[in-house]
Amino acid sequence: MTILADVRSRTRGWHRPSAIAAATLGVVAVLCVAALLVDQRTLAGAPIWAKPFKFAVSGALYFATWSWLVSLLPRFRRTASWLTNFLVLIFAAEYVLLVFQAARGRASHFNNATPQDALIYNVMGKMIMGLWVATLLLTVLVMFTKLEDRASFWAVRAGAALSLVGISLGILMTTPTAQQLARWQAGGKPDMVGAHTVGLADGGPGLPILGWSTVAGDLRIPHFVGMHALQLLPLLAIALAALAPRFARLRDDVVRTRLVLVGAAGYAGLTALVTWQALRAQSIVHPDAVTLGAFALLVAAVGLGSWAAVRVR
């Protein structure tokens, strides 16, 4: 059996439109890489096609995961299917606007410079609200998922809930900065309303590809970390199941479930930590002693919890 045939057999029952969306976005991500090589333009210090690339990769992971999750529902599958179809349409429309702005060399988010830019950002904001509501409803439906493996049972639920929190954290970026508010109060009109950088203006030095600020806080980090709990926690459950034949204690589904719950708690703590760090205008690559101390406590708590999960019978 070829690899492609094996993938088809494993995903036959998955939600088809979102699976197609995931595959399409995977191809689009490759095209964005080509665009990055050909088109050397930058916007606010970042390559013009970096944002479409990141959105394509994130969207591919998002829809692949929901395609699988919808297939696990014993009830409400038709409702979940319609909601997921709605997500695909909303994301596709938003992505078209994002690419349109990138091709024009214009910012897609926070842009209030011209009436057209403001209209596009306003429409994208409405789309994001629709996406959030649909994701909330899907997260509620996921709570009805039935899985024989209890570790996967809790990984799916915790991952969906934390992912919704991560998406919700994006609203922090829409708040006008102090400089933007001051310009409004002075009777002017700021070109940008909202920002992802805390402490400095957007467009400073950032990490390659990701673009996260290396000199100030960046609210994209907690948004990213929280959102992808939807993939990482189920992967943790899968990894533990794969290791079970080699480690006797992992053959007990109670132990694997405990480890997943510890992992979910640790992931929630990490999301809270990077949110707190960003709001304090602190770069992810230059943590202070307080942040390092909090991270050390989190690692110790997760380590101790994992040890107890394995050792306690």
Study note, to complete from the structure: Here the pair of heavy atoms bringing Pro222 nearest to Val274 is CA-CG2, 3.7 Å
Review point. Do the non-hydrogen side-chain atoms of Thr174 and Ile171 ever get within less than 4.5 Å of each other?
Key: yes
**Study point:** Heavy-atom donor-acceptor pair, Arg183 side chain to Gly188 backbone, under 3.5 Å
**Key:** no
Check your understanding: Any chance CZ of Phe295 has more than 12 other-residue heavy atoms, nucleotides or ligands included, within less than 6.0 Å?
Key -> no
Review point. Are Leu98 and Met173 grouped together when hydrophobic residues (ILVMFWY) are joined by side-chain heavy atoms under 4.5 angstrom apart?
Key: no
**Study point:** Connected via hydrophobic side-chain network under 4.5 Å: Leu230 and Leu261
**Key:** yes
Check your understanding: When rounded to the nearest 0.5 angstrom, what is the spacing between CE in Met227 and OG1 in Thr271?
Key -> 11.5 Å
Exercise for review: Establish whether Leu97 and Leu43 are linked, either directly or via other cluster members, by ILVMFWY side-chain heavy-atom contacts under 4.5 Å.
Suggested key: yes
Check your understanding: Got a donor-acceptor contact below 3.5 angstrom from the Asp202 side chain to the Thr197 backbone?
Key -> yes
Practice item. Tell me, with the steps shown, if Thr275 and Leu172 meet side-chain contact (heavy atoms from CB on, under 4.5 Å). Key: CA-CA 10 Å; Thr275 303; Leu172 295 174; 4.2 Å; yes
Exercise for review: Quick one: list whatever passes salt bridge (charged side-chain N to carboxylate O under 4.0 Å, His left out) with Arg258, sequence neighbours left out.
Suggested key: none
Check your understanding: Between atom CD1 of Ile90 and atom CG of Leu83, what is the distance when rounded to the nearest 0.5 Å?
Key -> 11.5 Å
**Study point:** Exercise: identify the closest heavy-atom pair between Trp276 and Ala294
**Key:** CZ3-CB, 4.1 Å
Review point. For the atom pair CE (Met192) and CD (Gln179), what is the distance rounded to the nearest 0.5 Å?
Key: 13.5 Å
Check your understanding: Heavy-atom distance under 4.5 Å between the side chains of Val33 and Trp49, does that happen here?
Key -> no
Study note, to complete from the structure: Output for pair (Asp149 CG, Arg256 CZ), nearest 0.5 Å, gives 4.5 Å
Study note, to complete from the structure: Those residues at least two apart in sequence (or on a different chain) that pass side-chain contact (heavy atoms from CB on, under 4.5 Å) with Asp288 are Arg280, Gln282, Val290, Thr291
Review point. Say you draw a straight line from OG of Ser58 to CZ of Phe91; how long is it, rounded to the nearest 0.5 Å?
Key: 6.5 Å
Practice item. Flag yes if Leu87 and Trp132 sit in one hydrophobic cluster, no otherwise; membership is Ile, Leu, Val, Met, Phe, Trp, Tyr, and two members link when side-chain heavy atoms are under 4.5 Å apart. Key: yes
Point to revise | Heavy-atom check, side chain of Val198 versus side chain of Leu219, under 4.5 Å | key: yes
Check your understanding: Quick check: does any side chain N or O of Ser81 sit under 3.5 Å from a backbone N or O of Arg77, one acting as donor and the other as acceptor?
Key -> no
Review point. Okay, side chain of Ser67, backbone of Trp14: is any donor-acceptor separation there less than 3.5 Å?
Key: no
Review point. Could you walk me through whether Gln101 and Lys51 pass the side-chain contact (heavy atoms from CB on, under 4.5 Å) check?
Key: CA-CA 11 Å; Gln101 288 291 76; Lys51 180 176 284 189; over 6 Å; no
Review point. So do the side chains of His286 and Val215 get within less than 4.5 Å of each other, counting heavy atoms only?
Key: no
Revision key, fill the gap. Contacts satisfying salt bridge (charged side-chain N to carboxylate O under 4.0 Å, His left out) that involve residues 95-119 (not counting sequence neighbours) are Arg104-Asp117, Arg106-Asp117
Exercise for review: Go through the structure and list residues passing side-chain contact (heavy atoms from CB on, under 4.5 Å) with Phe153, not counting sequence neighbours.
Suggested key: Leu147, Arg157
Atom pairs and distances, side-chain donor-acceptor, residues 134-142, under 3.5 Å, sequence neighbours left out:
residue: Thr135; atom: OG1; partner: Tyr62; partner atom: OH; Å: 2.7
residue: Thr135; atom: OG1; partner: Leu131; partner atom: O; Å: 2.8
residue: Thr139; atom: OG1; partner: Thr135; partner atom: O; Å: 2.7

Practice item. Enter the distance from Phe63:CZ to Thr65:OG1 here, rounded to the nearest 0.5 Å. Key: 10.5 Å
Point to revise | Distance-minimising heavy-atom pair for Val262 and Ser306 | key: CG1-OG, 3.7 Å
Review point. Between the side chain of Tyr95 and the main-chain N/O of Pro52, is any donor-acceptor distance below 3.5 Å?
Key: yes
Practice item. Might you work through the side-chain contact (heavy atoms from CB on, under 4.5 Å) test for Ile284 and Asp218, ending with a clear yes or no? Key: CA-CA 8 Å; Ile284 190 71; Asp218 199 316; over 6 Å; no
Practice item. Please state whether the rings of Phe110 and Tyr121 are parallel, tilted or perpendicular, taking 30° and 60° as the class boundaries. Key: perpendicular
Exercise for review: Go through the steps for Leu69 and Val156 under the test side-chain contact (heavy atoms from CB on, under 4.5 Å), then give the verdict.
Suggested key: CA-CA 8 Å; Leu69 290 177; Val156 164; 3.5 Å; yes
Practice item. Determine whether Leu233 and Val260 make a side-chain contact, defined as any pair of heavy atoms from C-beta on separated by less than 4.5 Å. Key: no
Practice item. State, yes or no, whether a side-chain contact exists between Leu236 and Leu259 at a heavy-atom distance under 4.5 Å. Key: no
**Study point:** Ser283 side chain vs Ser213 backbone, donor-acceptor pair below 3.5 Å
**Key:** yes
**Study point:** Listed once per pair and sorted, the ring pair (Phe, Tyr, Trp, His ring centres under 6.0 Å) pairs that draw on residues 216-254, sequence neighbours left out
**Key:** Trp212-Phe224, Phe224-His228
Practice item. Step through the shown structure and confirm whether more than 12 heavy atoms of other residues, nucleotides or ligands are within 6.0 Å of CD1 on Ile209. Key: no
Point to revise | Minimal non-hydrogen separation, Ala60 against Leu25, with atom names | key: N-CD1, 3.7 Å
Check your understanding: Which heavy atom of Ala229 sits nearest a heavy atom of Leu162, and at what distance?
Key -> CB-CB, 3.6 Å
Check your understanding: Counting heavy atoms not belonging to Leu273, are there more than 12 under 6.0 Å from its CG?
Key -> yes
Point to revise | Heavy-atom closest pair, residues Leu36 and Pro47 | key: CD2-CB, 3.4 Å
Review point. Is Leu298 reachable from Val225 through a run of I, L, V, M, F, W or Y residues, each pair having side-chain heavy atoms under 4.5 Å apart?
Key: yes
